[in-house]
Amino acid sequence: MPKPTERILSASRIKTLDSCSWKYWGTYHLGLPRSKNPGSSRGTVCHTVLEMLLNPRHRKYIKKLLKSPSIRSVPSVFKLVEKNLKKEGYYSEENAEMCDEMILVALNCDFLGGRGAKITEPEKKFLLNSSEPKYKVLGYMDKPAAYKKGKKLIIIDYKTSKVKFVQPEVDYNIQALVYLLAAKEVWPDVKECSVEFQFLRFPEDPSITIKVPDEELQGFEHFLEHVFKL
């Protein structure tokens, strides 16, 4: 008999299982195709452009973009938006304009982290492989920013959804808990860590910051073990 495929958790897997076990089974066990939609495609495009702008070769464009009401001021950046929307199958003037606006919101949220920030690994990949409690979790961080010579860390995550978190999602946020748990392993010298979700469709008040005490993270590890068994 073929060996069963190893299952590894992720924040999105856990959220799917929590919301609907049938959807989880169909998506992750049966491998049913997941259809794209304009919202998820815009999110993919914005993430791609923002990651590109953090490349040292492209940071020269940031100042010009910040002085402009549109990313069209740097034609190569806007062309990247158009190209990726077409690749996603959702190119339209409306979607391009929405991406334009959301990218500018991200740039205006202290994109390079401000004084003392060090951003070296956008789209940071991590794999937590714990034997006690037993679980495996894979994930990616949009933008980890280190401060105070690596003693402080803010993990920025971009959201392009049309709604912000309601209070229960702030009080218990699986994605934030996974990130904070990963930070303790990836950056063991960090003394202070938080997750900042930036909702790019809310330019007036885009940020929600989440901090969690160590004892809550310890309890969360046992929850991960339970879900991993499922």
Side-chain angles (χ1 to χ4, degrees), residues 9-15 18-19 39-40 42-44 46-47 49-51 53-54 59 62 65-66 99 101-126 128 137-221 223-224:
L9 296 176
S10 69
S12 59
R13 278 177 179 259
I14 297 170
K15 188 175 179 180
D18 188 50
S19 64
S40 64
R42 289 191 297 264
T44 299
C46 288
H47 277 76
V49 173
L50 293 169
E51 182 184 359
L53 288 171
L54 284 172
R59 290 190 182 191
I62 295 173
L65 290 168
L66 285 171
C99 289
E101 293 170 357
M102 289 190 287
I103 290 166
L104 284 178
V105 171
L107 292 177
N108 279 284
C109 284
D110 233 344
F111 185 63
L112 294 178
R115 186 174 180 181
K118 189 175 182 181
I119 302 171
T120 57
E121 296 183 273
E123 286 298 311
K124 171 68 177 176
K125 181 180 179 180
F126 62 86
L128 300 180
V137 183
L138 175 69
Y140 297 83
M141 300 175 185
D142 288 344
K143 189 173 65 176
Y147 298 82
K148 297 180 181 178
K149 297 182 179 180
K151 298 299 181 182
K152 177 181 176 182
L153 186 75
I154 300 177
I155 301 167
I156 291 94
D157 187 83
Y158 305 120
K159 296 294 183 189
T160 56
S161 54
K162 60 183 178 181
V163 295
K164 295 176 73 172
F165 292 149
V166 294
Q167 195 57 47
E169 293 174 298
V170 176
D171 295 337
Y172 186 74
N173 189 284
I174 289 174
Q175 186 178 10
L177 289 166
V178 168
Y179 284 167
L180 292 169
L181 198 58
K184 292 177 71 67
E185 180 168 315
V186 179
W187 297 281
D189 295 331
V190 167
K191 304 298 182 185
E192 181 184 347
C193 186
S194 61
V195 178
E196 180 181 332
F197 293 104
Q198 294 180 356
F199 289 82
L200 305 185
R201 293 184 67 175
F202 296 82
E204 299 302 320
D205 185 23
S207 299
I208 291 177
T209 298
I210 296 177
K211 296 181 180 180
V212 175
D214 285 348
E215 55 267 27
E216 187 171 337
L217 290 178
Q218 291 168 5
F220 180 63
E221 286 194 276
F223 168 74
L224 289 178

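Just so you know, these numbers come straight off a predicted model, no measurement behind them. Any value given below was found using the heavy atoms of this structure, including those in side chains, with hydrogens, waters and symmetry copies removed.
With sequence neighbours excluded, the residues that form a side-chain contact (heavy atoms from CB on, under 4.5 Å) with Pro213 are Glu215, Glu216. Remark: Leu138 engages Ile8, Lys125, Leu127 in a side-chain contact (heavy atoms from CB on, under 4.5 Å) (not counting sequence neighbours). Every residue was checked against the side-chain contact (heavy atoms from CB on, under 4.5 Å) condition with Val163, not counting sequence neighbours, and none meets it.
Note: Phe199 and Phe197 have tilted aromatic rings, judged against thresholds of 30 and 60 degrees for the angle between ring planes.
Annotation: salt bridge (charged side-chain N to carboxylate O under 4.0 Å, His left out) contacts involving residues 161-179, sequence neighbours excluded, comprise Lys164-Asp205. Listed by first then second residue, pairs satisfying side-chain hydrogen bond (donor to acceptor under 3.5 Å, both in side chains) with a partner in residues 143-156 read Lys143-Tyr158, not counting sequence neighbours. Residue pairs meeting the salt bridge (charged side-chain N to carboxylate O under 4.0 Å, His left out) criterion with at least one partner in residues 189-204, sequence neighbours excluded, are Glu192-Lys211.
Atom CG of residue Asn108 and atom CG of residue Leu200 lie 11.0 Å apart, to the nearest 0.5 angstrom. Once rounded to the nearest 0.5 Å, the distance linking CG of Leu181 with CZ of Phe126 reads 8.5 Å.
Listed here is the closest heavy atom pair of Ile210 and Val170: CD1-O, 3.7 Å. Across Leu104 and Leu65, no two heavy atoms sit closer than the pair CD2-O, 3.6 Å.
The closest donor-acceptor contact from the side chain of Tyr179 to the backbone of Ile174 lies at 3.5 Å or more, if one exists at all.
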